[in-house]
Novice: 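Sending over a structure as structure tokens; questions will come in a sec.
Chain letters run A, B, ... following the sequence lines, proteins first, then strands; residues in each count from 1.
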Protein chains: 2
Amino acid sequence: MNLTADTSALAPVAERLEADLADLSGYADPDAPGWSREVFSEPYRAARDWVRDRMRDAGLETTVDAAGNVIGRLAGSHGGPPLVTGSHTDTVHGGGRFDGIVGVLGAIEAARRIRETGTRLAHDLLVVDFLGEEANRFGISCMGSRSLSGILTPAHLARTDTTGHTLGQAMRDFGADPERALGLGWDARSMHAFVELHVEQGPLLEQRGVPVGVVTAIAGIERLLATFRGRADHAGTMPMAERHDALVAAAEAVLTIERVGCGAPVHGVTTTGRIESSPGVYNIVPEEARIWAETRSVDHTWLSGVRRTLADELAAQAARRGVETAVEWLNDQDPVLASRSVQDVIAAGADSLGIPWAPVPSGAGHDAAHMAGLGPMGMIFVPSHGGRSHCPEEWTGLGHIVTGTHLLAATLTHLDALPDVAA
Amino acid sequence: MNLTADTSALAPVAERLEADLADLSGYADPDAPGWSREVFSEPYRAARDWVRDRMRDAGLETTVDAAGNVIGRLAGSHGGPPLVTGSHTDTVHGGGRFDGIVGVLGAIEAARRIRETGTRLAHDLLVVDFLGEEANRFGISCMGSRSLSGILTPAHLARTDTTGHTLGQAMRDFGADPERALGLGWDARSMHAFVELHVEQGPLLEQRGVPVGVVTAIAGIERLLATFRGRADHAGTMPMAERHDALVAAAEAVLTIERVGCGAPVHGVTTTGRIESSPGVYNIVPEEARIWAETRSVDHTWLSGVRRTLADELAAQAARRGVETAVEWLNDQDPVLASRSVQDVIAAGADSLGIPWAPVPSGAGHDAAHMAGLGPMGMIFVPSHGGRSHCPEEWTGLGHIVTGTHLLAATLTHLDALPDVAA
């Protein structure tokens, strides 16, 4: 790919980016571990006012839409479908200072540099701080990007937390307009392109020693609840060979699920996150056990094959112990491919700036997966130290953030120069 | 062994025994599943008044000791150390109509038949309904027999349930005298012999098609709490090979514990009764997991070997996953051998009545294990249908109960005729 623009001047001001990261990390729940800033919390509300002020200072015209997305607009010379970038500033409980945040502050800095350097984009540039990307107490993630992509539903708004409050009420209390958010969906092909800068949250980039990843796809997620029903027996008197032990069957399933994940081609992972057994006492052979597991892959075919394989294997293994199984699958998200053309622009932009890069899959979900329904989508990853994320130890060095932000600004500029971005 | 007494006339009155079983099963908690009559409950209090009345009707002189044991005495012709028999009338939550109960009602019927047939015993005969044999909400079992054997401690009385009440207070509220119960221990060799009739709670007798088991030993119990500490990681982004998954390590341990039990000689069993993992969500690789397990065997050497083997294997397997382990063992009870001489009397008594019998181990704990500290001990088992116990489906046919009760009466008579019973 031949790029015409020289984007070397778009390099961000590292001190400013560092100060923004430090300032934003100050908006954290003092009663929670790490740098917690959960959606709808007071620190989140205050942080987003701060974000909106930073957008204004950068010369962006700001709005907050009905779904609670904070949007800053830098007008282009001839309008048309906008270029969109952004990420989120909410965190998980006990989260860190980089997940999502780097993509919002990097986008603001990129817009600032585009404006400061007198670079005039043809398209409008929208910088978005999407509402609540992390899974929250209502069991829904990516609320803001779901709304923009038109897949937020009344059923979502009716979901309740443990106190019986609905998501709709929580949004209203936060100042959003949930009913209007349902009809907020943008038209298909209403974006010129969408690019999200994000920390990798995995170890691949650090291991390969490259500062930037060009995301090839965002993994799909299939979730599994398996229930094992055996027979409660006296743990002292029932011989081993005559038991129908639900917990042993569940333990075997945990190992089978792991084995299937270890055999995945490309990027595929399997995780049993939770297990329970009942009645749960020393001296009774467990009558029932449950496991909650998930499989993730960018490969749709592998994912659907795993659904079939696991359902069969778990049932067959348990049957050998005289234990019955019930397996429920829930499709959480299909894999989403990054646009080939956006990947190419990111890679060529990195080459032109002399930034080493590698293609990487995303095992985590992102707002970009939903925005992909509205136009060409791409993501830029920067390394996560030790691959750690969703924990206080989450860490990405300033140098990597500066490099990623520079590449984001360059990518936006290159995409702007294309009359049309192919999917 | 040559027995002198003809005990055929001691056959119980089946209809009377059947009526007693039906009447006692009427004392059950209407709000709990099965035939629940937990220690200290109102149905338990009422049932034991009924038991005491049945003892009186049988011509026994009754007392309730400081530990809450209901004791009926049939005076012998020359006194001396008494012959003792009995069991318990409390049940587990959701229990059945036979565990313990058969041994109390069988003992009362045996005493009745001894008296009705004009059989005069040389030794006093004590029929005991021991207080609270089943594990209760204070985490202690065999309270009555522990008191008699002198191993009830102030630490036991200070134990609290989930509401903060102590065992001592619960005993006092029930009308017992916990402080005096601490000093109630009988002298060693203060019994001529102890014999307990009980349902097997396992499937061996039914499978072998014999109506009576002569118990060889009561299994010892070792309990294990293993904690696995790995690392919490994002379940979508951390590759399988780089995880330190505490739950997978725990699942492997569950299978190892099962395998060790399957390889046990004589009667040995291993059970993981409970498992937990945290943080316990779909999308985080589990950081910590715990399992609660137990091993039981009548073979002391095997039990101590298993302690060593499991501690080593669990740690080595987890270490291969980069998961740390902490294993705590708690000795719950050492194996207790039944007296050879009492076993011989039971077996010879069965032969003289034409009752087929088989030697069987006891995987469950019993009051007899504690009473063994006070003199020669033996147990008679009758079959449990399908080996089921501690559940509403628990079932032993009346014919087997009649046979076992007859053998109990015969055994007491034969033991009475011995000037001294060897250990």
Novice: Let me know if Pro361(A) has heavy atoms under 4.5 Å from chain B in its side chain, its backbone, both or neither.
Specialist: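 Contact with chain B is absent: no heavy atom of Pro361(A) under 4.5 Å.
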Novice: Between chain A and each of Ala264(B), Gly261(B), Gly268(B), Ala246(B), count heavy-atom pairs under 4.5 Å; write down the option with the most.
Specialist: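 Of the options given, most contacts go to Gly261(B).
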Novice: Could you tell me which portion of Arg296(B) (side chain, backbone, both or neither) has an atom closer than 4.5 angstrom to a non-hydrogen atom of chain A?
Specialist: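 Interface part for Arg296(B): side chain.
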Novice: Look up atom CG in Leu224(A) and atom OH in Tyr282(B), then write down how far apart they are to the nearest 0.5 Å.
Specialist: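 Result: 7.0 Å between the selected atoms.
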Novice: Counting heavy-atom pairs under 4.5 Å to chain A, which of Ser389(B), Cys262(B), Ser362(B) comes out on top?
Specialist: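 Option with the greatest count: Cys262(B).
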Novice: Please look at Ile221(B) and chain A and tell me whether the side chain, the backbone, both or neither of the residue comes under 4.5 angstrom of a heavy atom of that chain.
Specialist: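 When you check distances to chain A, no heavy atom of Ile221(B) falls under 4.5 Å.
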Novice: Under a 4.5 Å heavy-atom cut-off, does chain A meet the side chain of Gln207(B), its backbone, both or neither?
Specialist: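 Only the side chain of Gln207(B) comes within 4.5 Å of chain A.
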Novice: Please flag which part of Ala364(B) lies under 4.5 Å from any non-hydrogen atom of chain A: side chain, backbone, both or neither.
Specialist: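 Answer is both: backbone and side chain atoms of Ala364(B) are under 4.5 Å from chain A.
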Novice: Could you tell me which portion of Ser278(B) (side chain, backbone, both or neither) has an atom closer than 4.5 angstrom to a non-hydrogen atom of chain A?
Specialist: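 No part of Ser278(B) comes within 4.5 Å of chain A.
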Novice: Is Ala235(B) close to chain A through its backbone or its side chain, or both, or neither, when contacts mean heavy atoms under 4.5 Å?
Specialist: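 Both parts, heavy atoms under 4.5 Å.
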Novice: Look at Arg231(A) together with Glu393(B) and state whether they make a salt bridge at an N to O cut-off of under 4.0 Å.
Specialist: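 The answer is no: the pair does not qualify as a salt bridge.
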Novice: Quick check on Thr295(A) against chain B: is it the side chain, the backbone, both or neither that has a heavy atom closer than 4.5 Å?
Specialist: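 Neither the backbone nor the side chain of Thr295(A) comes within 4.5 Å of chain B.
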Novice: Donor-acceptor pair, distance only, cut-off 3.5 Å: does the side chain of Thr237(A) make one with the backbone of Gln201(B)?
Specialist: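 Such a contact is found between Thr237(A) side chain and Gln201(B) backbone.
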Novice: Counting only heavy atoms closer than 4.5 Å, note whether Glu242(A) contacts chain B via side chain, backbone, both or neither.
Specialist: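 Only the side chain of Glu242(A) comes within 4.5 Å of chain B.
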Novice: Please walk me through it: do Glu258(A) and Glu252(B) pass side-chain contact (heavy atoms from CB on, under 4.5 Å)?
Specialist: CA-CA 11 Å; Glu258(A) 184 200 37; Glu252(B) 198 171 9; over 6 Å; no
Novice: Heavy-atom distances under 4.5 Å only: say whether Val281(B) touches chain A with side chain, backbone, both or neither.
Specialist: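 The backbone, not the side chain.
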Novice: Please classify the contact of Cys391(B) with chain A as side chain, backbone, both or neither, using a heavy-atom distance under 4.5 Å.
Specialist: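 Nothing of Cys391(B), per the 4.5 Å heavy-atom cut-off to chain A.
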Novice: Given the options Arg243(B), Glu200(B), Glu276(B), which has more heavy-atom pairs under 4.5 Å with chain A than any of the others?
Specialist: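 Ranked by heavy-atom pairs under 4.5 Å with chain A, first place is Arg243(B).
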Novice: I'd like to verify something: which residue of His390(A), Met238(A), Arg388(A) has the highest number of heavy-atom pairs under 4.5 Å with chain B?
Specialist: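 Greatest number of close heavy-atom pairs with chain B: Arg388(A).
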Novice: Which of these passes side chain to side chain contact (heavy atoms under 4.5 Å, CB included) with Pro286(A): Thr272(B), Thr271(B), Ile275(B)?
Specialist: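 The residue from Thr272(B), Thr271(B), Ile275(B) that satisfies side chain to side chain contact (heavy atoms under 4.5 Å, CB included) with Pro286(A) turns out to be Thr271(B).
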